Every structure is written in C-alpha cells, then in structure tokens.
Amino acid sequence: MTSYDYDLFVIGGGSGGVRAGRLAGSMGKKVGLAEEYRMGGTCVIRGCVPKKLYVYASQFPEHFNDAAGYGWTVGESSFDWSKLVANKVTEIARLEGFYVKGLDNSKVEILRHRAVLKDAHTIELVGAGKTVTAETILIATGGHPFMDDAMPGHELCVNSDQIFDLSELPKSIVIQGGGYIAVEFAGIFNGLGVETTLIYRGKQILKNFDSDAFRLVTDSMIEKGIRIVTETKVDAVAEAEGDYRLNVTLSNGEVIAADQVLQAIGRVPNTKGLGLENAGVKQADDGSIIVDDYSRTNIENIWAVGDVTNRVQLTPVAIHEAMCFLETAFKGNPVRPDHELIPTAVFSQPEIGTVGMSEEEAAKQYANVEIYRALFRPMRNTLAGRFDKMLTKLVVDGDSRKVLGAHVVGPDAGEMAQLLGVALKAAATKDDFDRTMALHPSAAEEFVTMYTPSYRLVNGVREG
Ligand code: NDP
C-alpha cells in the first residue's frame, strides 16, 4: 500500500477549506492545509464580514436623524474613515486568529505557501522548496473579482478586494455592476456621504431577485440619493486634474468626475496556476472545477468545494459542501450538498432577505400561483418621521398551498429570511403560516397575517 505524507491535503484557507481541514483533523486524520495569503478567505478577510461592518458604519447618519423623533438631541457628528479601516483591520485579525486556533486545535498543519498540483497525489509548496503527497486532496481556493481589463483606464479602478482599505474616503465614487457587491457598496458609500453613481449595463439592477423586491430597493436607493444609470457602460476612465482624481466616460457620452471607480462585475474561480492539468482535473469554460453531486472531480481522490466550483457563491454553501465532503470521503456516508432553498440577503439599504422562488420563477413553473403581499411603514419609522416602506411577500402554489418563496425588504430582512428558510425547508404551506400566532408588534408578523391573496397568476397571467 502506498503511504502518503497526509491523509488529506486542503488547498485554500477560506470557509470551505478550513471547515473540511478542521473536521478531518478532529477525526484523527493527518491533515495539511496550504494558504498563501491570510486564513479566513474572501468572507472573513475581504468579503461578508468587513462589508457588513461597513454597512453598519454607513447607517449611523440615518440613526442620528431618526433619534430626534424619539426625543434625543444628537450633537455634532463626524466620521473618520481611517478609524473605521483600522478597527476593521483589528477585528479581521481577531477572526483570523480563531481560524488558525481552530486548525491548531485539530492538529492541522498549516503551510503558508502557494500549492501547485504536480500529479493527482503530489503537491508542490512554492517557495518552500519541497513537495508533499496526500491520499485525498480538497481544492477550496475560492475566487477573485473579475476586472474588465479591456476597458481603457481599468488600471485606475479598484475591485472589492481593494475598496475596504482605500487611503481616504472618496468625495465621489462610480460603481460598475448591478449585482450584490455593486448595490451593497453603493449603499455603504452613499450612507457615508459620498456622491455615489451606479452604472449598470442592463435594464434593472438585482434582476435575479423578485420584481417587487428589486423595484422597492431601486426606488429607495434613488430616494436616498444614489444615482442609478441603467443600460449604460463605463467606456473609459482617465486621470483628471482638479477636485476629482478621475474622469469616467460612459457609453451615453456623459463624463462623471469621481475619485474612485469600483468594478463590481462578478467573480471568477481561482484555478489559474493550480496545476490542475498536471493532475488531469477537468475545468468548465469559466475556469471553475467540474465536480459531481458529491463535490468529487473527475479524478477519484481530488475533490473541490466552494466558489472554485462556481455552484453557488456563498460562504454557508462552501461550508455545507465541505461538511458533505467529509461525510462522503471519510465517514462512508455519501451526502450530496443540498442547494435547494438557500436563504440569502443583499445588504443593500434597504436590505433584501429572500428564500425560494420569485413571483416570476413561480409563474413559469406553476399554473396557479397566489401572491400575498404587504407594503407598510415599519413602526420604528413612525416617530422617526421616516417614510421608507417595508415589503413582505409570499409566493404560494395555489393548488398544493405550499409556500414557494418568501421575500422581505426592509430592516433586518436577512434575519427574517434565515428563519423563513427553516419554514420553507420544512415544506410549510400557507395554512401553516396562517395558523402560526403573530408576534406583536413586529414587522415579521406580516408573514402570518396576510390572509387574502393580493392577486393570482393563472397560467402566468395576472388576475385581480
Ligand atoms: P453578481 O453576479 O451578483 O453581479 C455581477 C454584475 O456585474 C451583474 O449586474 C452583471 O450584469 C455585471 N457585469 C458582469 N460583467 C460585466 C461587464 N463586463 N461589464 C459590466 N457589467 C458587468 O456579482 P458580484 O460581483 O456582485 O458578486 C459575486 C457573488 O458573490 C454574488 O453572485 C454572490 O453570490 C456573492 N456575494 C454575496 C453577498 C451576500 O450574500 N450578501 C454579498 C456579495 C457577494 P448582468 O446582470 O447584465 O450580467
């Protein structure tokens, strides 16, 4: 029998890789994990975590304003970007420490090097001058922001990896894209007082979400002062003299003066230079690693989880895939990752929380769809004198009564979506929602008090 240096070698110290390494280590397996940068991956170091901290930072001006209606007088306020960045750096370092500690506690050997496959069982540790062997290999290298290198002046733009650590807060920013990252950063910079323009090539930002949700978010963003320019591209970025660093030329001929341009136009898998060809691992046209239902590649002992497989680019999905991999590869209990009914949030302002089908998706698949919908002013906005509306919406199969989708726009929408996810996963019907007691006063109680359909979609045609 061949003997290897490691039972499992994990390439990549992000959410998926660390979870798999830690669990395998705690089972007594000999595990090595290579990470060339920092432990924690996109989510901890330059994604979900710092992003949410910046969302919180950007919401304080609204809280200060709202406080007046509740009797408070808030004194002069000012914002210090460099303090936010420094505090973020400290927090991220703290979290990174937990990741390292978790691996240490599970006796996983951390190798701070870039790993390149030499063959199906051999890994070169670049810079260490050595190769190691492993019986099983897990690739969890994640992805990185796509940059439009063909655009003149692209080198003057930043991506979502770089945006957190700008040396100073821009006076004006142009953000390219209409997905999660573009919309979330538009809210952050607008909240921090930066003149913010969102440039999207299509007709409607957040187009993959329920139409009620994207309409309300779009209207609210515009109301809050974000300029949204659709069906337009950024044609060129050039250095400028004067008050702003850059001139941004749009495809409609307009030139916008800005200090920063953020390209938030999707992410691509980290597979370049990994040596996949040496091991014979197959890739899709977009560079992602092709895996089967259990996250196994075409090579028997090589597996891949997370963004590098470009299935669903979300941290909890990578973690779930890693746990299923463990069951399948090491516990003799084959488990397929379940990608159905994944709750998700866009930390836009207002926030979107969603799980399951949009109205549009349901109308394509079901002959008799009922929509239950409430658009209301949440209680906290009343004394605040704020007129922002909140949306709760259920998409129901009128025949089976099964709830197909649940959508929220407004404060804590993501928190609600997490719990709605449990209900939908348990195949809750509309009757289950109806017989659940309301929790009063709350915004979430709307989900159990929408007794009458707002309208129906019969064979895709709206009635009522
Ligand atoms: P998305 O796929 O969400 O959006 C990419 C956007 O960029 C789309 O609007 C797309 O337009 C546009 N685009 C793509 N290529 C070009 C181009 N060449 N020129 C102009 N526009 C272009 O990607 P993001 O980068 O926003 O986020 C990546 C992923 O990370 C998300 O899909 C999500 O899975 C994850 N994420 C999750 C978050 C969360 O859970 N809150 C937060 C941030 C990211 P079009 O619609 O026309 O294709």
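Indexing begins at 1, ligand by ligand and atom by atom, following the structure's order. Position 1 is the first residue of the sequence; numbering continues from there. Keep in mind that what you see is a predicted model, and the values were worked out from it rather than measured.
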Inset, instruction - State, to 0.1 Å, how close Ala362 and Val395 come at their nearest heavy-atom pair, and which atoms those are. - result: CB-CG1, 3.5 Å
Any nitrogen or oxygen of [X], side chain or backbone, less than 3.5 Å from one on ligand 1?
| X | result |
| --- | --- |
| Asp148 | no |
| Gly266 | yes |
| Gly178 | yes |

Identity and separation of the nearest protein heavy atom to [atom]:
| atom | answer |
| --- | --- |
| atom 34 (O) of ligand 1 | Gln313 O, 2.8 Å |
| atom 1 (P) of ligand 1 | Gly179 CA, 4.1 Å |
| atom 26 (O) of ligand 1 | Ile181 N, 2.8 Å |

Heavy-atom distances under 4.0 Å decide this one: backbone, side chain, both or neither, for [X] against ligand 1?
| X | value |
| --- | --- |
| Ile265 | both |
| Leu314 | side chain |
| Ala345 | backbone |

Have [X] and [Y] got a donor and an acceptor in their side chains that come within less than 3.5 Å?
| X | Y | result |
| --- | --- | --- |
| Arg311 | Ser295 | yes |
| Thr42 | Arg267 | yes |
| Glu359 | Ser211 | no |
| Thr429 | Asp432 | yes |

Inset, instruction - Give the ring-plane orientation class for His63 versus Phe60, where under 30° counts as parallel, over 60° as perpendicular and anything between as tilted. - result: perpendicular
Legend entry - Gap between atom CG of Asn159 and atom NE2 of His144 - 0.5 Å precision: 9.0 Å
Inset, instruction - First locate atom CG of Leu250, then atom CG of Asp235, and finally report the distance between them rounded to the nearest 0.5 Å. - result: 7.5 Å
Minimum non-hydrogen distance to [atom], winning option of [options]:
| atom | options | result |
| --- | --- | --- |
| atom 16 (C) of ligand 1 | Gln204, Gln263, Arg201, Lys203 | Arg201 |
| atom 42 (C) of ligand 1 | Gln176, Met151, Lys52, Glu184 | Glu184 |
| atom 38 (C) of ligand 1 | Phe185, Phe347, Tyr180, Tyr200 | Tyr180 |

Legend entry - Interfacing atoms of ligand 1 (cut-off 4.0 Å, heavy-atom, Ala264): 6 (C), 7 (O)
Legend entry - Atom indices of ligand 1, in the order listed, that fall short of 4.0 Å to a heavy atom of Lys51: 41 (N), 42 (C)
Legend entry - Residue of the set Phe164, Tyr54, Phe347 for which ring pair (Phe, Tyr, Trp, His ring centres under 6.0 Å) holds with Phe185: Phe164
